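Note that the coordinates shown come from a computational prediction; the quantities given were computed from them, not determined experimentally.
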Amino acid sequence: GKFGNTWYGIIAAPVIVGFFGLLIEKAIIRPLYIRPLETLLATWGISIVIKQTVRLLFGAGYQFVKHPMPGMVTILGVSYPILRLFIIGVATAVFVSIYLLMFRTDLGLRIRAVLTDRNMAEAVGIDTVRTGQTVFVLGSAMAGLAGAVMSPLVPVNPEMGLEYANKAFNVVIVGGLSKLLGIIGGGVIIGGGESIMSFFMRPLVAQVMILVITIIVIRFKPQGLF
């Protein structure tokens, strides 16, 4: 928004964040692939450094991004903000792209092999280091795209990603990681459930109810509903 055109940011964000993801993967994450706890601590520490750097460069206050798609569109007698429909379209396109990548390409086959058994994947000649790097960079790029697409709807600040990280964590817990269907199902349950409950009760109470649902799922279905 600072340069007068939000579309530039939406296009540039995945490229720039993906590039920084590449640097972080090479310098910090790569030696920790077989040590998940250390990886979690390292990425948490990196997030703190990034947030403080943003504060130093841009300040701790809110930044507001110019709305790129004002207006409403009526579908079946119900009006929807155009930008929110655009975000739904972007999310759908990303999901379809990831599905095709994972199940219709050689790269996807290598990724699934490494996820299933890293040692066996190495034994059959798969470059597990390069595969891990590719996945990390793609994940970073998608995070950058998500932040840029959402920025016109929410005040931009160094802590803005925390709320979405918590929701994403709940989505994975509820849906499960074994199938992409779990991500969709978890997203519908967590996101849709919170929206519906917020209509009938205070948003804070709705968030507490979502947390209760997550705890119940952990208790009875620790692998996720799907």
Which heavy atom of [X] sits nearest to which heavy atom of [Y], and what is that distance?
X	Y	result
Val129	Arg30	CG1-NE, 3.4 Å
Thr105	Gly108	OG1-N, 3.0 Å
Ala113	Ile126	CB-CD1, 3.7 Å
Ile210	Glu194	CD1-N, 3.7 Å

Would you indicate whether the side-chain heavy atoms of [Y] and [X] approach each other to under 4.5 Å?
X	Y	answer
Val15	Ile11	no
Met69	Trp7	yes
Met201	Met209	yes
Lys26	Leu22	yes

Could you grab the distance from atom [atom1] of [X] to atom [atom2] of [Y], nearest 0.5 Å is fine?
X	Y	atom1	atom2	result
Met197	Arg202	CE	CZ	14.5 Å
Ile213	Asn170	CD1	CG	10.0 Å
Thr134	Leu107	OG1	CG	6.0 Å
Phe220	Leu225	CZ	CG	12.5 Å
Leu211	Asn166	CG	CG	10.0 Å
Thr6	Tyr8	OG1	OH	11.0 Å

May I have the list of side-chain donor-acceptor pairs in residues 82-95 shorter than 3.5 Å, sequence neighbours left out?
unit_1: Thr92; atom_1: OG1; unit_2: Ile88; atom_2: O; d: 2.8

Side chain to side chain contact (heavy atoms under 4.5 Å, CB included) with [X]: which residues, sequence neighbours excluded?
X	result
Phe19	Leu23
Ser97	none
Arg104	Tyr99, Leu100
Arg35	Leu32, Glu38

In terms of hydrophobic clusters joined by side-chain contacts under 4.5 Å, are [X] and [Y] together?
X	Y	answer
Val54	Leu57	yes
Phe20	Ile29	no
Val137	Ile46	no
Val73	Val78	yes
Ile98	Phe103	yes

Should side-chain heavy atoms under 4.5 Å link Ile, Leu, Val, Met, Phe, Trp and Tyr, which residues sit in the same cluster as [X]?
X	value
Val17	none
Ile218	Phe169, Ile173
Phe200	Ile196, Phe199
Leu204	none

So does Thr74 get a backbone contact from the side chain of Ser79, meaning a donor-acceptor N/O pair under 3.5 Å?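 Checking the backbone N and O of Thr74 against the side chain of Ser79, no donor-acceptor pair under 3.5 Å is found.
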
Under 3.5 Å donor-acceptor pairs involving side-chain atoms of residues 138-160, not counting sequence neighbours:
unit_1: Ser140; atom_1: OG; unit_2: Phe136; atom_2: O; d: 2.9
unit_1: Ser151; atom_1: OG; unit_2: Ala148; atom_2: O; d: 2.7
unit_1: Asn157; atom_1: OD1; unit_2: Glu159; atom_2: N; d: 2.8
unit_1: Asn157; atom_1: OD1; unit_2: Met160; atom_2: N; d: 3.3
unit_1: Asn157; atom_1: ND2; unit_2: Pro155; atom_2: O; d: 3.3
unit_1: Glu159; atom_1: OE2; unit_2: Arg55; atom_2: NH2; d: 2.6

Using atom types as modelled, flag every donor-acceptor pair under 3.5 Å from a side chain in residues 114-125 to any protein atom, sequence neighbours excluded.
unit_1: Thr116; atom_1: OG1; unit_2: Arg112; atom_2: O; d: 2.7
unit_1: Asp117; atom_1: OD1; unit_2: Asn119; atom_2: N; d: 3.2
unit_1: Asp117; atom_1: OD1; unit_2: Met120; atom_2: N; d: 3.0
unit_1: Glu122; atom_1: OE2; unit_2: Thr128; atom_2: OG1; d: 2.9

Under 3.5 Å, side-chain donor or acceptor atoms of residues 181-189 against the rest of the protein: list the pairs with distances, not counting sequence neighbours.
none

